[in-house]
Structures are given as C-alpha cells and as structure tokens.
Amino acid sequence: MSFARTIFGDVDPSTLGVVDCHDHLIRVGAGEVYIDGDHQLDSVEKAIEEGGYFAEASKKWSPNGGTVVDMCPINCGRDLNKLAEVTKAVDGLQVIAATGFHREHVYLETQSHWINRYDVDKVAELVIADIREGIDKNDYSGPIVERTPYKAGVIKVGTAYGKITPFERKCMEAAAIAAIETGCPINTHTTYGTCGLEQAEGFLELGVPADQIAIGHIQRNADVYYLEQILKLGVYLEIDGTNRIKYQPDSNRMMELRAFYEDGFADRILLGTDSGKRGYQKAYGATSGVDYNPAVDGPRMVDEGFDREYIDKLLMKNAQQFFTFKKEG
C-alpha cells in the first residue's frame, strides 16, 4: 500500500488533507537562531495555537484537516518530542518531519562539522536511520544518539545564494543515497530562488527519480521561463514565501501559478508558507501565518477564477502524491 510517513506513523496519502509543504512549528536553537533570534520557535503552546489556525482553515477544504511538513533538518534545532506534543494537541493536524541538511551558512563554522569529518556513505546512513528508525532526540548534535519513535518523512537539502558549496554538494550526495535507498522524497531550500535548476540537474545525475524531487522557495525568482526549464526536467516546484511584501507582492505568486496551469504543469506544483519566524506567525502577533495557503491563497484563487480542480491540486492532491514514498516499508 502506498504511504506517506508522518511522525505518528505511515498513513494513506489521501488522508493528509491540505498540505503545507514547507513550514516550521518547532525550532529550539542552532545556527539560524544564533544568526537571528526571530527564528526561535520553542514554545509548544504557541505552536499548538499556530497549528490550530492551520487545521481549522484546512477543514474548510478537506474533512481530514491538514498536514504541516516541518522542514527543520539535521542539527538545526529539531525537537521531536515537542513536535509530537503539538500534533497530539491539535485536532485535524498531522505533521511530517524532516531529515537532511540546510545550506552551509546556518551551520556557522563548518571545517570541523561532522558532515566534513564523515565520508558521504556514513552521512547517508544517519539520514536513512532518521527515516527508518527514528529521529535522534538530540538532533545529531552528538556525541550520543538516542532514537525517538518519530520518523522522518522528507529529506531537506539547502544551497547558498548563487552557488553550491563543496559542503552542500556532499549533503546533496548523501541525500541522494538516502532517497534512492528509502524512496523518501527530497524537498529543497534555494536561497533567493537561485541554483534551482542546478539542484534538479544534480539530483537527477545522482540517480534520484524526478518525481521524488521538489525545488523549494523557487518563487523568489519570478521568471516563469526559468522556472519552467526546471519543470521540464520532470521535478516538482514548491511555491512558498507567502505575504513577503518586502521581497515581492503575492500577485507574483498568483502569476506564476496561473502560468504553470496554462503551460501544462498543473500536476507538479506544491504550496507552502515557510512561516519560520515569530514575525511570520499569528501566535506571536503577526497578521499572517502557517494557515495562509488554505485561509488566504485558496479563497483568492477562487476569486481570481482559477480552475477549482487546479486549486485542489495545489492545496492537496499534488502534495499527497509527492510525499508518497516511492518504496514500500
């Protein structure tokens, strides 16, 4: 039977409901928080409140509610016990947790990081263990590993602005080994929408099937021609960064989504919000939050005359397909 892997076990992908393909409910520290304290999302109570907004908005589209893909990867502040508390407390909420890696920048000084010290096969083994055995309670911050019962259901990989560093290339190689071995999907971080094409080409060259790859944050590069060069490779694109007026208006995202539909790519577009800061979440006082896709984007697309079947694909069906493991067990 096909399945998606949530932190509470494998489920029928059709039960995921609305899927926020890239977001953050819990982050308890690490490099991003050191760089900018607004990334600290350590309150279970606030995460329950934020998750509740998303679940309630999602129920207007699906009786199953919704699923948040929490994209905090290895050594970046994961706390699966807190994430489990949040999920248990919110009716209509499921969570898929991430393994894999962020861009090199967030690991601060990396010469002595274990990713550089271990060979690529050993790094891949740790990713595979997160998927098959359970995510380390200590987030691979070492040296002791204590497995939680909560398994990863997606692999993250991030790259720098305008380049892929040797550190990031090694992370890509380890992620590819793990994805091929387990059938787990890869969802990426691009910095300001750069290197998306290179990520896709790199994973394909490493042998990862195209339908197992999603290129994320890519809406920052609102060049439809460029974005469709990536889509022509057979991979998915993940459009997030909602309500980021400091970067570009939401009308750019709507323009991209409409163009993808008209050009025949309706089945490979995913939505997320990436509300990974306190300043982006309602529970911390922001005006928008994790619920943006079902609460704002969906109704807007209805108002703007988007095909209803396409809206359902964007909010639910495409992601339900993408987060289905490509291997059994």
Side-chain angles (χ1 to χ4, degrees), residues 16-27 32 36 38-39 41 46-62 65-73 83 86-87 90 92-98 102 154 156 158 187-193 214-222 236-257 269-301 311-316 318-320 322-323:
L16 295 177
V18 174
V19 183
D20 180 346
C21 296
H22 187 129
D23 228 310
H24 300 273
L25 291 172
I26 291 290
R27 187 191 291 109
E32 277 189 295
D36 179 359
D38 200 34
H39 282 97
L41 300 171
K46 294 289 189 183
I48 288 171
E49 181 182 345
E50 194 70 26
Y53 294 136
F54 172 75
E56 288 307 306
S58 296
K59 289 175 184 176
K60 296 176 182 178
W61 299 91
S62 169
T67 300
V68 170
V69 183
D70 191 294
M71 289 293 290
C72 191
L83 197 56
V86 175
T87 311
V90 180
L93 176 67
Q94 298 189 80
V95 170
I96 292 172
H102 213 313
V154 65
K156 180 174 181 173
N187 193 13
T188 77
H189 163 104
T190 62
T191 300
Y192 299 113
I215 306 301
H217 304 329
I218 199 66
Q219 79 291 333
R220 289 281 193 93
N221 186 347
Y236 287 74
L237 292 187
E238 186 226 301
I239 306 300
D240 55 63
T242 54
N243 200 37
R244 304 288 194 276
I245 308 305
K246 62 184 179 181
Y247 300 125
Q248 58 182 354
D250 276 357
S251 57
N252 275 18
R253 289 190 305 108
M254 292 296 121
M255 175 272 293
E256 293 165 13
L257 296 176
I269 309 301
L270 308 173
L271 296 184
T273 75
D274 191 27
S275 300
K277 294 184 178 182
R278 294 184 176 199
Y280 292 159
Q281 296 195 1
K282 289 181 176 178
Y284 291 95
T287 57
S288 66
V290 171
D291 65 344
Y292 201 87
N293 293 147
V296 179
D297 280 337
R300 176 173 179 166
M301 287 187 282
I311 298 172
D312 287 346
K313 287 181 177 182
L314 291 171
L315 290 175
M316 296 176 283
N318 288 353
Q320 291 168 7
F322 176 70
F323 288 103

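All heavy atoms count here, side chains included; hydrogens, waters and symmetry mates do not. Numbers here are sequence positions counted from 1. Since the model is a prediction, treat every value here as computed from it, not as a measurement.
In terms of heavy atoms, A55 sits closest to G92 at CB-O, 3.8 Å.
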Test I269 against K313 for side-chain contact (heavy atoms from CB on, under 4.5 Å), laying out the working first. CA-CA 8 Å; I269 309 301; K313 287 181 177 182; over 6 Å; no

side-chain contact (heavy atoms from CB on, under 4.5 Å) assessment of S251 paired with R300: CA-CA 10 Å; S251 57; R300 176 173 179 166; 3.8 Å; yes

Test side-chain contact (heavy atoms from CB on, under 4.5 Å) on T273 and D240; report intermediate values, then the result. CA-CA 5 Å; T273 75; D240 55 63; 5.7 Å; no

Test side-chain contact (heavy atoms from CB on, under 4.5 Å) on D297 and M254; report intermediate values, then the result. CA-CA 9 Å; D297 280 337; M254 292 296 121; 3.5 Å; yes

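Look at E256 and R253 and you find no salt bridge, because none of the NZ, NE, NH1 or NH2 atoms lies under 4.0 Å from a carboxylate O.
With sequence neighbours excluded, the residues that form a ring-ring contact (aromatic ring centres under 6.0 Å, His included) with Y236 are F322. With sequence neighbours excluded, no residue forms a salt bridge (Lys or Arg N to Asp or Glu O under 4.0 Å) with R220. In terms of the side chain to side chain donor-acceptor pair (under 3.5 Å) criterion, residue partners of T188 (sequence neighbours excluded) are, by chain and number, Q199. Y192 pairs by the ring-ring contact (aromatic ring centres under 6.0 Å, His included) definition with Y161, not counting sequence neighbours. For the side chain to side chain donor-acceptor pair (under 3.5 Å) test, residues two or more places apart in sequence or in another chain that qualify with E49 are Y53. With sequence neighbours excluded, the residues forming a ring-ring contact (aromatic ring centres under 6.0 Å, His included) with H189 are H102, H217, listed by chain and number.
Within the model, atoms OG1 of T87 and CD1 of I26 stand 9.0 Å from one another, a figure rounded to the nearest 0.5 Å. Taking CD1 of I218 as the reference point, atom CG of L270 lies at 12.5 Å (rounded to 0.5 Å). Rounding to the nearest 0.5 Å places CG of L93 at 6.5 Å from CG of L25. Put simply, CE on M71 and CD on E238 are 7.0 Å apart, with the number rounded to the nearest 0.5 Å. We find the CG-CG distance between L41 and L83 to be 11.0 Å, quoted to the nearest 0.5 Å. Separation of atoms CG (N252) and CZ (R244) is listed at 14.5 Å; rounding is to 0.5 Å.
In summary, of the residues considered (V18, N293, L271, I239), a side chain to side chain contact (heavy atoms under 4.5 Å, CB included) with L314 occurs for L271 alone. Under the salt bridge (charged side-chain N to carboxylate O under 4.0 Å, His left out) rule, D36 has a single partner from K277, R278, R27, which is K277.
Between H24 and D274, some side-chain heavy-atom pair lies under the 4.5 Å cut-off.
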